[in-house]
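Heads up: the structure comes next, in C-alpha coordinates.
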Amino acid sequence: MKETYISTCEKNFVNKAILADTRLDGRTLLEPRPLKINFGAKWGSCLVSLGQTRATAQVSCDIQTPKAARPNEGMLYVSVNLSPLAAEHFDGSRSSEATAVINRILEKCLKESKCVDLESLCIVADKKVCIKSIKLINICKLRFGNLYSILFLQVWNIRVDITIINHDGNLIDCAAIAALAALMHFHRPDVTSTGEEVIVHSFIEKDPLPLTLYHHPICISFITFENGKTVVDPSYLEERVGTAIFTLTLNSHREVCSLYFDYMENTALVADVIPSVSTFAANYAYELIREVKELVRQDVEAKYKKEVPEMNTFAQCIATDKVTSMISERINIKLMTWNHYNQADEEVSCSMETDPVNEEKSEIINVGNGTAELVMSKSNIAEGGKNMWHSSDSSDNEFEHWQDVEFVEVKNREKTPAETIDLSGDSEEEETTVLSKLDLE
(Lines give C-alpha, C1' and ligand atoms only; values in the text may rest on other atoms or scores of the structure.)
Protein backbone atom coordinates (compact mmCIF):
# COMPACT_ATOMS: atom_id res chain seq x y z
CA MET A 1 0.00 0.00 0.00
CA LYS A 2 1.33 3.42 -0.91
CA GLU A 3 1.84 6.13 1.66
CA THR A 4 -1.07 8.55 1.88
CA TYR A 5 -0.51 12.04 0.54
CA ILE A 6 -0.31 15.01 2.84
CA SER A 7 -2.51 17.99 2.01
CA THR A 8 -1.32 21.54 1.40
CA CYS A 9 -3.30 22.77 4.39
CA GLU A 10 -1.43 20.39 6.68
CA LYS A 11 1.93 21.50 5.29
CA ASN A 12 1.09 25.18 5.72
CA PHE A 13 -0.20 24.60 9.24
CA VAL A 14 2.96 22.75 10.35
CA ASN A 15 5.25 25.32 8.73
CA LYS A 16 3.46 28.22 10.41
CA ALA A 17 3.56 26.42 13.75
CA ILE A 18 7.30 25.76 13.45
CA LEU A 19 7.85 29.39 12.41
CA ALA A 20 6.19 30.37 15.69
CA ASP A 21 8.51 27.94 17.61
CA THR A 22 5.58 25.61 18.32
CA ARG A 23 5.24 21.89 17.61
CA LEU A 24 1.99 19.97 17.39
CA ASP A 25 2.84 17.70 20.33
CA GLY A 26 3.70 20.63 22.60
CA ARG A 27 7.50 20.24 22.51
CA THR A 28 10.00 22.98 21.86
CA LEU A 29 12.16 22.88 18.73
CA LEU A 30 15.10 21.21 20.49
CA GLU A 31 13.15 19.01 22.89
CA PRO A 32 13.29 15.22 22.29
CA ARG A 33 10.59 12.75 23.19
CA PRO A 34 10.88 10.64 26.38
CA LEU A 35 12.87 7.40 26.11
CA LYS A 36 11.85 4.08 27.63
CA ILE A 37 13.75 0.76 27.42
CA ASN A 38 12.39 -2.64 28.46
CA PHE A 39 14.61 -5.74 28.55
CA GLY A 40 13.59 -9.34 27.95
CA ALA A 41 14.46 -12.50 29.82
CA LYS A 42 17.17 -13.44 27.29
CA TRP A 43 20.49 -11.69 26.95
CA GLY A 44 20.51 -9.03 24.25
CA SER A 45 16.75 -8.54 23.86
CA CYS A 46 15.13 -5.15 24.42
CA LEU A 47 12.19 -2.97 23.43
CA VAL A 48 12.83 0.75 22.94
CA SER A 49 10.06 3.36 22.92
CA LEU A 50 10.89 6.85 21.69
CA GLY A 51 7.58 8.57 22.14
CA GLN A 52 5.16 6.42 20.14
CA THR A 53 7.92 5.00 17.91
CA ARG A 54 8.85 1.50 19.04
CA ALA A 55 11.57 -0.92 17.94
CA THR A 56 12.75 -4.30 19.23
CA ALA A 57 16.30 -5.63 19.03
CA GLN A 58 17.69 -9.12 19.54
CA VAL A 59 21.38 -10.08 19.50
CA SER A 60 22.40 -13.67 18.72
CA CYS A 61 25.72 -15.42 18.12
CA ASP A 62 27.12 -18.51 16.43
CA ILE A 63 30.51 -19.81 15.36
CA GLN A 64 31.61 -19.38 11.76
CA THR A 65 34.67 -19.29 9.57
CA PRO A 66 36.32 -15.86 9.58
CA LYS A 67 36.94 -13.81 6.49
CA ALA A 68 40.16 -14.57 4.62
CA ALA A 69 41.25 -10.93 4.79
CA ARG A 70 40.75 -10.75 8.60
CA PRO A 71 41.24 -14.27 10.05
CA ASN A 72 41.73 -13.02 13.62
CA GLU A 73 38.54 -10.94 13.85
CA GLY A 74 34.96 -11.85 14.51
CA MET A 75 32.02 -10.61 12.48
CA LEU A 76 29.14 -8.24 13.19
CA TYR A 77 25.95 -8.11 11.10
CA VAL A 78 23.06 -5.67 11.38
CA SER A 79 19.62 -6.44 9.95
CA VAL A 80 16.59 -4.10 9.99
CA ASN A 81 13.02 -5.20 9.33
CA LEU A 82 10.18 -2.71 8.81
CA SER A 83 7.20 -4.73 9.94
CA PRO A 84 3.79 -4.09 8.29
CA LEU A 85 2.53 -3.78 11.86
CA ALA A 86 4.41 -0.48 12.17
CA ALA A 87 2.75 1.36 9.27
CA GLU A 88 0.32 0.52 6.51
CA HIS A 89 2.78 1.41 3.72
CA PHE A 90 5.44 -1.04 5.00
CA ASP A 91 5.35 -4.31 3.07
CA GLY A 92 7.97 -6.12 5.18
CA SER A 93 10.40 -6.38 2.26
CA ARG A 94 14.09 -6.16 3.14
CA SER A 95 14.85 -4.67 -0.28
CA SER A 96 12.82 -1.50 0.22
CA GLU A 97 14.52 1.89 0.09
CA ALA A 98 13.67 2.82 3.68
CA THR A 99 15.08 -0.47 4.98
CA ALA A 100 18.29 -0.03 3.00
CA VAL A 101 18.80 3.52 4.30
CA ILE A 102 18.30 2.62 7.97
CA ASN A 103 20.44 -0.51 7.61
CA ARG A 104 23.27 1.48 6.03
CA ILE A 105 23.19 4.17 8.74
CA LEU A 106 23.32 1.55 11.51
CA GLU A 107 26.25 -0.21 9.84
CA LYS A 108 28.14 3.07 9.81
CA CYS A 109 27.16 3.68 13.42
CA LEU A 110 28.17 0.26 14.77
CA LYS A 111 30.55 -1.42 12.32
CA GLU A 112 32.49 1.35 10.63
CA SER A 113 32.91 3.26 13.88
CA LYS A 114 34.55 0.09 15.30
CA CYS A 115 32.72 0.27 18.60
CA VAL A 116 32.80 -3.54 19.04
CA ASP A 117 36.12 -5.27 19.70
CA LEU A 118 36.03 -7.87 16.92
CA GLU A 119 39.41 -9.37 17.87
CA SER A 120 37.99 -10.48 21.22
CA LEU A 121 35.49 -12.62 19.25
CA CYS A 122 38.28 -14.78 17.80
CA ILE A 123 38.45 -18.31 19.23
CA VAL A 124 41.30 -20.05 17.34
CA ALA A 125 43.01 -18.64 14.27
CA ASP A 126 43.83 -20.75 11.19
CA LYS A 127 43.24 -24.15 12.80
CA LYS A 128 40.78 -27.01 12.69
CA VAL A 129 39.03 -27.31 16.01
CA CYS A 130 36.72 -29.77 17.75
CA ILE A 131 33.86 -28.73 20.00
CA LYS A 132 33.34 -31.11 22.92
CA SER A 133 30.36 -29.68 24.73
CA ILE A 134 27.89 -27.48 22.88
CA LYS A 135 24.38 -27.01 24.23
CA LEU A 136 23.43 -23.55 23.04
CA ILE A 137 24.57 -23.55 19.39
CA ASN A 138 23.33 -26.30 17.10
CA ILE A 139 25.97 -26.27 14.35
CA CYS A 140 27.06 -29.90 14.41
CA LYS A 141 27.95 -31.62 11.14
CA LEU A 142 29.43 -35.01 12.11
CA ARG A 143 29.13 -36.87 15.40
CA PHE A 144 31.74 -39.26 16.81
CA GLY A 145 30.74 -40.28 20.35
CA ASN A 146 30.85 -37.16 22.53
CA LEU A 147 33.00 -35.18 20.07
CA TYR A 148 31.59 -32.97 17.38
CA SER A 149 33.98 -32.44 14.47
CA ILE A 150 33.69 -28.92 13.06
CA LEU A 151 35.95 -27.62 10.31
CA PHE A 152 37.16 -24.03 10.27
CA LEU A 153 34.87 -22.61 12.96
CA GLN A 154 37.13 -20.17 14.73
CA VAL A 155 35.31 -16.87 15.43
CA TRP A 156 32.08 -15.67 16.90
CA ASN A 157 29.53 -14.18 14.53
CA ILE A 158 27.37 -11.50 16.25
CA ARG A 159 24.06 -10.65 14.61
CA VAL A 160 21.76 -7.76 15.57
CA ASP A 161 18.16 -8.07 14.35
CA ILE A 162 16.03 -4.92 14.67
CA THR A 163 12.28 -4.85 14.02
CA ILE A 164 10.21 -1.66 13.86
CA ILE A 165 6.81 -2.36 15.39
CA ASN A 166 5.34 1.17 15.43
CA HIS A 167 6.18 4.13 13.22
CA ASP A 168 5.68 7.65 14.55
CA GLY A 169 8.77 9.27 13.09
CA ASN A 170 12.55 9.16 13.70
CA LEU A 171 13.05 5.45 13.05
CA ILE A 172 16.83 5.92 12.75
CA ASP A 173 17.33 7.11 16.32
CA CYS A 174 14.98 4.53 17.80
CA ALA A 175 16.66 1.67 15.91
CA ALA A 176 20.15 2.91 16.85
CA ILE A 177 19.26 3.09 20.55
CA ALA A 178 17.73 -0.40 20.40
CA ALA A 179 20.84 -1.83 18.70
CA LEU A 180 23.25 -0.20 21.15
CA ALA A 181 21.24 -1.25 24.22
CA ALA A 182 21.00 -4.83 22.93
CA LEU A 183 24.76 -5.04 22.32
CA MET A 184 25.51 -3.66 25.78
CA HIS A 185 23.06 -6.11 27.34
CA PHE A 186 24.18 -9.19 25.35
CA HIS A 187 26.41 -11.90 26.93
CA ARG A 188 27.99 -14.70 24.88
CA PRO A 189 28.91 -18.19 26.14
CA ASP A 190 32.35 -18.71 27.63
CA VAL A 191 34.88 -20.74 25.62
CA THR A 192 37.86 -22.82 26.76
CA SER A 193 40.60 -23.70 24.24
CA THR A 194 42.95 -26.62 24.95
CA GLY A 195 45.21 -26.89 21.92
CA GLU A 196 43.15 -28.54 19.20
CA GLU A 197 39.97 -28.76 21.28
CA VAL A 198 37.54 -25.95 22.01
CA ILE A 199 34.82 -26.30 24.66
CA VAL A 200 31.80 -24.00 24.55
CA HIS A 201 30.31 -23.90 28.05
CA SER A 202 26.65 -23.51 28.80
CA PHE A 203 25.36 -20.74 31.03
CA ILE A 204 24.98 -23.26 33.86
CA GLU A 205 28.62 -24.29 33.76
CA LYS A 206 30.13 -20.83 33.46
CA ASP A 207 28.80 -17.32 33.55
CA PRO A 208 28.40 -15.70 30.13
CA LEU A 209 30.73 -12.92 29.04
CA PRO A 210 29.68 -9.45 27.84
CA LEU A 211 30.88 -7.95 24.59
CA THR A 212 33.77 -5.51 24.66
CA LEU A 213 32.73 -2.07 23.43
CA TYR A 214 35.34 0.62 22.85
CA HIS A 215 32.76 3.42 22.77
CA HIS A 216 28.99 3.83 22.54
CA PRO A 217 27.81 5.60 19.35
CA ILE A 218 24.25 6.82 19.01
CA CYS A 219 22.27 8.65 16.31
CA ILE A 220 20.71 12.11 16.71
CA SER A 221 18.40 13.18 13.86
CA PHE A 222 17.25 16.68 12.88
CA ILE A 223 14.72 18.01 10.36
CA THR A 224 15.07 21.37 8.58
CA PHE A 225 11.96 23.16 7.25
CA GLU A 226 11.58 25.57 4.36
CA ASN A 227 11.51 28.53 6.79
CA GLY A 228 15.00 27.64 8.05
CA LYS A 229 13.90 26.26 11.44
CA THR A 230 15.43 22.98 12.68
CA VAL A 231 13.88 20.51 15.13
CA VAL A 232 15.28 17.44 16.87
CA ASP A 233 13.61 14.01 17.10
CA PRO A 234 10.98 14.73 14.39
CA SER A 235 7.57 13.09 14.39
CA TYR A 236 6.11 11.33 11.36
CA LEU A 237 4.21 14.41 10.17
CA GLU A 238 7.24 16.65 10.63
CA GLU A 239 9.38 14.26 8.59
CA ARG A 240 6.97 14.52 5.68
CA VAL A 241 6.68 18.29 5.83
CA GLY A 242 10.41 18.99 6.32
CA THR A 243 12.70 19.71 3.39
CA ALA A 244 15.90 18.04 4.63
CA ILE A 245 16.97 15.53 7.25
CA PHE A 246 20.44 14.98 8.65
CA THR A 247 21.66 12.50 11.26
CA LEU A 248 24.71 12.91 13.48
CA THR A 249 26.30 9.82 15.04
CA LEU A 250 28.11 10.75 18.25
CA ASN A 251 29.52 8.88 21.23
CA SER A 252 29.83 9.74 24.91
CA HIS A 253 33.17 11.45 24.22
CA ARG A 254 31.32 13.97 21.98
CA GLU A 255 33.10 12.62 18.90
CA VAL A 256 31.35 12.54 15.51
CA CYS A 257 31.40 8.99 14.12
CA SER A 258 29.34 9.48 10.95
CA LEU A 259 27.09 11.98 9.20
CA TYR A 260 24.06 11.41 6.97
CA PHE A 261 22.23 13.91 4.72
CA ASP A 262 18.98 13.56 2.79
CA TYR A 263 17.64 16.50 0.77
CA MET A 264 13.93 16.06 0.17
CA GLU A 265 13.54 19.33 -1.78
CA ASN A 266 15.72 22.13 -3.07
CA THR A 267 16.85 23.87 0.08
CA ALA A 268 19.83 25.61 1.57
CA LEU A 269 22.88 23.62 2.56
CA VAL A 270 22.18 21.74 5.76
CA ALA A 271 25.82 22.13 6.76
CA ASP A 272 24.97 25.72 7.64
CA VAL A 273 22.64 24.44 10.35
CA ILE A 274 25.10 21.98 11.90
CA PRO A 275 27.11 24.57 13.89
CA SER A 276 23.92 25.81 15.55
CA VAL A 277 22.87 22.35 16.79
CA SER A 278 26.21 20.55 17.19
CA THR A 279 26.65 21.58 20.83
CA PHE A 280 23.12 20.51 21.69
CA ALA A 281 23.57 17.19 19.85
CA ALA A 282 26.81 16.41 21.73
CA ASN A 283 25.28 17.17 25.13
CA TYR A 284 22.09 15.26 24.33
CA ALA A 285 24.06 12.21 23.11
CA TYR A 286 26.10 12.23 26.33
CA GLU A 287 22.99 12.28 28.54
CA LEU A 288 21.23 9.68 26.39
CA ILE A 289 24.14 7.22 26.51
CA ARG A 290 24.45 7.65 30.26
CA GLU A 291 20.75 6.85 30.66
CA VAL A 292 21.07 3.72 28.50
CA LYS A 293 24.12 2.56 30.49
CA GLU A 294 22.27 2.94 33.77
CA LEU A 295 19.24 0.97 32.57
CA VAL A 296 21.45 -1.82 31.20
CA ARG A 297 23.44 -1.98 34.44
CA GLN A 298 20.31 -2.36 36.56
CA ASP A 299 18.96 -5.23 34.47
CA VAL A 300 22.33 -7.05 34.23
CA GLU A 301 22.85 -6.89 38.00
CA ALA A 302 19.36 -8.26 38.59
CA LYS A 303 20.03 -11.16 36.21
CA TYR A 304 23.34 -12.03 37.87
CA LYS A 305 21.61 -12.03 41.25
CA LYS A 306 18.87 -14.21 39.72
CA GLU A 307 16.26 -11.70 40.73
CA VAL A 308 13.23 -10.54 38.83
CA PRO A 309 13.72 -6.86 37.95
CA GLU A 310 11.00 -4.66 39.37
CA MET A 311 10.98 -2.40 36.32
CA ASN A 312 12.23 -2.14 32.72
CA THR A 313 10.95 -5.61 31.77
CA PHE A 314 8.71 -6.67 28.91
CA ALA A 315 5.86 -7.16 31.37
CA GLN A 316 6.08 -3.50 32.40
CA CYS A 317 5.48 -2.26 28.85
CA ILE A 318 2.06 -3.96 28.66
CA ALA A 319 -0.53 -1.33 29.52
CA THR A 320 -3.36 -3.08 31.37
CA ASP A 321 -5.26 0.11 32.24
CA LYS A 322 -5.90 1.36 28.73
CA VAL A 323 -9.01 -0.68 27.86
CA THR A 324 -11.84 1.39 29.30
CA SER A 325 -14.77 0.75 26.96
CA MET A 326 -16.14 -2.10 29.10
CA ILE A 327 -15.37 -0.57 32.49
CA SER A 328 -18.50 0.24 34.46
CA GLU A 329 -19.24 1.51 37.93
CA ARG A 330 -21.79 -1.28 38.36
CA ILE A 331 -21.05 -4.96 37.80
CA ASN A 332 -23.95 -7.32 37.10
CA ILE A 333 -23.85 -10.60 39.05
CA LYS A 334 -26.15 -13.42 38.02
CA LEU A 335 -27.18 -15.67 40.91
CA MET A 336 -28.97 -19.00 40.83
CA THR A 337 -30.97 -18.12 43.94
CA TRP A 338 -31.31 -15.15 46.24
CA ASN A 339 -32.00 -16.37 49.77
CA HIS A 340 -30.35 -13.59 51.79
CA TYR A 341 -33.36 -11.79 53.33
CA ASN A 342 -35.29 -12.08 50.08
CA GLN A 343 -38.52 -10.09 50.19
CA ALA A 344 -41.04 -9.18 47.49
CA ASP A 345 -40.98 -5.66 46.06
CA GLU A 346 -38.10 -4.64 48.33
CA GLU A 347 -34.42 -4.14 47.66
CA VAL A 348 -32.24 -5.89 50.21
CA SER A 349 -28.55 -5.09 50.35
CA CYS A 350 -25.60 -6.53 52.20
CA SER A 351 -22.42 -4.53 52.71
CA MET A 352 -19.07 -5.81 51.44
CA GLU A 353 -15.67 -5.62 53.17
CA THR A 354 -14.19 -2.15 53.33
CA ASP A 355 -10.56 -1.32 52.66
CA PRO A 356 -9.38 0.77 55.65
CA VAL A 357 -6.68 2.46 53.57
CA ASN A 358 -8.67 3.58 50.55
CA GLU A 359 -12.06 3.47 52.32
CA GLU A 360 -13.59 1.68 49.37
CA LYS A 361 -17.22 0.68 49.92
CA SER A 362 -19.50 -1.50 47.86
CA GLU A 363 -22.79 -3.29 48.29
CA ILE A 364 -24.78 -6.03 46.60
CA ILE A 365 -28.33 -5.06 45.68
CA ASN A 366 -31.09 -7.47 44.67
CA VAL A 367 -32.74 -6.09 41.53
CA GLY A 368 -34.75 -9.11 40.41
CA ASN A 369 -35.28 -12.81 40.56
CA GLY A 370 -31.87 -14.47 40.60
CA THR A 371 -30.04 -11.22 39.73
CA ALA A 372 -27.96 -8.85 41.81
CA GLU A 373 -25.70 -5.88 41.19
CA LEU A 374 -22.39 -4.92 42.82
CA VAL A 375 -22.59 -1.15 43.26
CA MET A 376 -19.29 0.67 43.92
CA SER A 377 -19.23 3.88 45.91
CA LYS A 378 -17.83 7.11 44.49
CA SER A 379 -14.66 6.83 46.62
CA ASN A 380 -13.83 3.58 44.82
CA ILE A 381 -13.92 5.20 41.38
CA ALA A 382 -10.46 6.08 40.06
CA GLU A 383 -9.88 9.38 38.36
CA GLY A 384 -10.17 9.10 34.59
CA GLY A 385 -10.74 6.08 32.39
CA LYS A 386 -14.12 5.15 33.88
CA ASN A 387 -17.42 4.88 32.07
CA MET A 388 -19.52 7.89 33.04
CA TRP A 389 -22.82 6.54 31.64
CA HIS A 390 -25.31 5.88 34.44
CA SER A 391 -27.14 2.59 34.20
CA SER A 392 -30.88 2.37 34.91
CA ASP A 393 -32.06 1.25 38.33
CA SER A 394 -35.33 0.40 39.99
CA SER A 395 -35.67 3.60 42.00
CA ASP A 396 -39.03 5.38 41.99
CA ASN A 397 -37.36 8.72 41.43
CA GLU A 398 -36.45 8.69 37.76
CA PHE A 399 -34.61 12.03 38.11
CA GLU A 400 -32.26 10.71 40.80
CA HIS A 401 -29.16 10.73 38.56
CA TRP A 402 -30.06 13.99 36.79
CA GLN A 403 -27.90 16.15 39.05
CA ASP A 404 -25.95 17.66 36.18
CA VAL A 405 -29.03 18.64 34.14
CA GLU A 406 -29.82 22.34 34.12
CA PHE A 407 -33.51 23.20 33.81
CA VAL A 408 -34.18 26.42 31.89
CA GLU A 409 -37.48 28.27 32.10
CA VAL A 410 -39.15 28.63 28.71
CA LYS A 411 -40.18 32.24 28.01
CA ASN A 412 -43.54 33.16 26.43
CA ARG A 413 -43.28 33.10 22.70
CA GLU A 414 -45.50 34.69 20.10
CA LYS A 415 -48.44 32.60 19.02
CA THR A 416 -48.81 31.50 15.44
CA PRO A 417 -51.85 32.59 13.37
CA ALA A 418 -53.32 29.11 13.66
CA GLU A 419 -53.12 29.28 17.46
CA THR A 420 -54.86 32.70 17.59
CA ILE A 421 -58.13 31.39 16.11
CA ASP A 422 -60.84 31.25 18.74
CA LEU A 423 -62.89 28.10 18.28
CA SER A 424 -64.95 28.48 21.45
CA GLY A 425 -67.16 31.39 20.28
CA ASP A 426 -69.45 31.98 17.30
CA SER A 427 -68.10 31.12 13.90
CA GLU A 428 -69.33 31.21 10.34
CA GLU A 429 -69.90 27.45 10.32
CA GLU A 430 -73.49 26.19 10.41
CA GLU A 431 -74.81 24.86 13.68
CA THR A 432 -75.74 21.19 13.74
CA THR A 433 -78.23 19.49 16.03
CA VAL A 434 -78.31 15.81 16.87
CA LEU A 435 -81.83 14.39 17.22
CA SER A 436 -82.65 11.48 19.43
CA LYS A 437 -85.27 8.76 18.83
CA LEU A 438 -87.74 10.42 21.17
CA ASP A 439 -87.67 13.63 19.13
CA LEU A 440 -88.78 11.78 16.03
CA GLU A 441 -91.87 10.26 17.67
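Heavy atoms only, all atoms of each residue included: Ala181 and Val296 are closest at O-CG2, 4.1 Å. Nearest heavy-atom pair across Trp156 and Pro189 is CZ2-O, 3.9 Å. Considering every non-hydrogen atom in both Ile18 and Phe225, the closest pair reads CG2-CD1, 3.8 Å. The two residues Asp161 and Ser60 come nearest to each other via the heavy atoms OD2-OG, 4.4 Å. In this structure, Ala178 and Val48 approach most closely via the heavy-atom pair CA-CG2, 3.5 Å.
A cation-pi contact, defined as under 6.0 Å to the ring centre and within 45° of the axis, links Lys111 to Tyr77.
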Note to self: Please evaluate residues Glu3 and Arg240 with respect to the criterion salt bridge (charged side-chain N to carboxylate O under 4.0 Å, His left out), reporting the C-alpha separation (whole Å), side-chain torsions for both, the decisive distance (0.1 Å), and the verdict.
What the structure shows: CA-CA 11 Å; Glu3 191 174 9; Arg240 302 188 64 188; 3.4 Å; yes
task = Applying side chain to side chain contact (heavy atoms under 4.5 Å, CB included), run through His216 and Leu180 and close with a yes or a no.
result = CA-CA 7 Å; His216 304 84; Leu180 179 62; 4.0 Å; yes
Q.
Pair Leu211, Leu121 - check side chain to side chain contact (heavy atoms under 4.5 Å, CB included), show working.
A. CA-CA 8 Å; Leu211 298 178; Leu121 302 177; 3.9 Å; yes
Could you walk me through whether Asn15 and Asn227 pass side chain to side chain donor-acceptor pair (under 3.5 Å), step by step?
-> CA-CA 7 Å; Asn15 285 322; Asn227 50 34; 4.6 Å; no
task: Would you check, one step at a time, whether the test side chain to side chain contact (heavy atoms under 4.5 Å, CB included) holds for Leu259 with Leu248?
output: CA-CA 5 Å; Leu259 189 61; Leu248 290 170; 2.8 Å; yes
Apply side chain to side chain donor-acceptor pair (under 3.5 Å) to residues His215 and Ser252 and explain how you reach the verdict.
CA-CA 7 Å; His215 59 98; Ser252 57; over 6 Å; no
Derivation of the side chain to side chain contact (heavy atoms under 4.5 Å, CB included) call for Val101 and Tyr260
CA-CA 10 Å; Val101 169; Tyr260 170 75; 3.4 Å; yes
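The backbone N or O of Gly51 sits nowhere less than 3.5 Å from a side-chain atom of Ser49 that would complete a donor-acceptor pair. At least one donor-acceptor pair under 3.5 Å links the side chain of Glu239 to the backbone N or O of Asn170. Between the side chain of Asn103 and the backbone N or O of Val80 there is at least one donor-acceptor pair closer than 3.5 Å. Of the possible donor and acceptor atoms, none in the side chain of Asn166 sits under 3.5 Å from a partner among the backbone N and O of Arg54. Side chain of Gln298 to backbone of Leu295: no donor-acceptor contact under 3.5 angstrom is found. In this structure, the side chain of Thr163 does not engage the main chain of Ala55 through any donor-acceptor pair within 3.5 Å. Checked by atom type and distance alone, the side chain of Ser276 never pairs as donor or acceptor with a backbone atom of Ile274 at under 3.5 Å.
Residues Val59 and Leu183 have side chains in contact (heavy-atom distance under 4.5 Å, counting atoms from C-beta outward). A heavy-atom distance below 4.5 Å is not found between the side chains of Glu10 and Val241. Put simply, the side chain of Leu82 reaches to within 4.5 Å of the side chain of Ile102, judged on heavy atoms. With contacts defined as side-chain heavy-atom distances shorter than 4.5 Å, the pair Ile6/Lys11 qualifies. The shortest side-chain heavy-atom distance between Thr230 and Phe246 falls under the 4.5 Å cut-off.
For Asp117, there are no salt bridge (Lys or Arg N to Asp or Glu O under 4.0 Å) partners two or more places apart in sequence or in a different chain. Thr212 meets the side-chain hydrogen bond (donor to acceptor under 3.5 Å, both in side chains) test with no other residue; sequence neighbours excluded. Looking at residues two or more places apart in sequence or on another chain, you find a side-chain contact (heavy atoms from CB on, under 4.5 Å) between Cys109 and Pro217, Cys219, Thr249. Applying the side-chain contact (heavy atoms from CB on, under 4.5 Å) rule to Lys42 yields the partners Ser45; only residues at least two apart in sequence or on another chain are considered. With sequence neighbours excluded, no residue forms a ring-ring contact (aromatic ring centres under 6.0 Å, His included) with Phe186. With sequence neighbours left out, the salt bridge (Lys or Arg N to Asp or Glu O under 4.0 Å) criterion links Arg104 to Glu107, Glu112. Shown here are the side-chain hydrogen bond (donor to acceptor under 3.5 Å, both in side chains) partners of Thr53, two or more places apart in sequence or in another chain: there are none. Taking the side-chain hydrogen bond (donor to acceptor under 3.5 Å, both in side chains) definition, one finds that Asn12 meets it with nothing, sequence neighbours left out. Arg297 is linked by a side-chain hydrogen bond (donor to acceptor under 3.5 Å, both in side chains) to Glu294, Glu301, counting only residues two or more places apart in sequence or in another chain. Under the side-chain contact (heavy atoms from CB on, under 4.5 Å) criterion, Ala86 pairs with Phe90, Ile164, His167, sequence neighbours left out. For His187, the ring-ring contact (aromatic ring centres under 6.0 Å, His included) test picks out Trp43, Tyr304, with sequence neighbours left out.
Counting only N and O atoms by type, the side chains of Ser221 and Thr247 include a donor and acceptor under 3.5 Å apart. Between the side chains of Asn72 and Glu119, no donor-acceptor pair of N or O atoms lies under 3.5 Å.
Just one of His253, Arg254, Glu255 meets the side-chain hydrogen bond (donor to acceptor under 3.5 Å, both in side chains) condition when paired with Asn251; it is Glu255.
Annotation: the span from Ile158 atom CD1 to Arg188 atom CZ amounts to 7.5 Å, rounded to 0.5 Å. Within the model, atoms CG of Leu110 and SG of Cys115 stand 5.0 Å from one another, a figure rounded to the nearest 0.5 Å. Atom CD1 of residue Ile37 and atom NE2 of residue His185 lie 10.5 Å apart, to the nearest 0.5 angstrom. To the nearest 0.5 Å, the span separating NZ on Lys114 from CG on Leu76 amounts to 11.0 Å. To the nearest 0.5 angstrom, Leu250 atom CG is 9.5 Å from Ile218 atom CD1.
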Donor-acceptor pairs under 3.5 angstrom involving side-chain atoms of residues 28-35: please list them, not counting sequence neighbours.
unit_1: Thr28; atom_1: OG1; unit_2: Glu31; atom_2: OE1; d: 3.4
unit_1: Glu31; atom_1: OE1; unit_2: Thr28; atom_2: N; d: 3.0
unit_1: Arg33; atom_1: NE; unit_2: Asp233; atom_2: OD1; d: 3.4
unit_1: Arg33; atom_1: NE; unit_2: Asp233; atom_2: OD2; d: 3.1
unit_1: Arg33; atom_1: NH1; unit_2: Asp168; atom_2: O; d: 3.0
unit_1: Arg33; atom_1: NH2; unit_2: Gly169; atom_2: O; d: 3.1
unit_1: Arg33; atom_1: NH2; unit_2: Asp233; atom_2: OD1; d: 3.0

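With respect to the salt-bridge test (charged N to carboxylate O, under 4.0 angstrom), the residues Glu73 and Lys67 do not qualify. Contact check on Arg159 versus Asp62 returns no salt bridge, with no Lys/Arg side-chain nitrogen under 4.0 Å from an Asp/Glu carboxylate oxygen.
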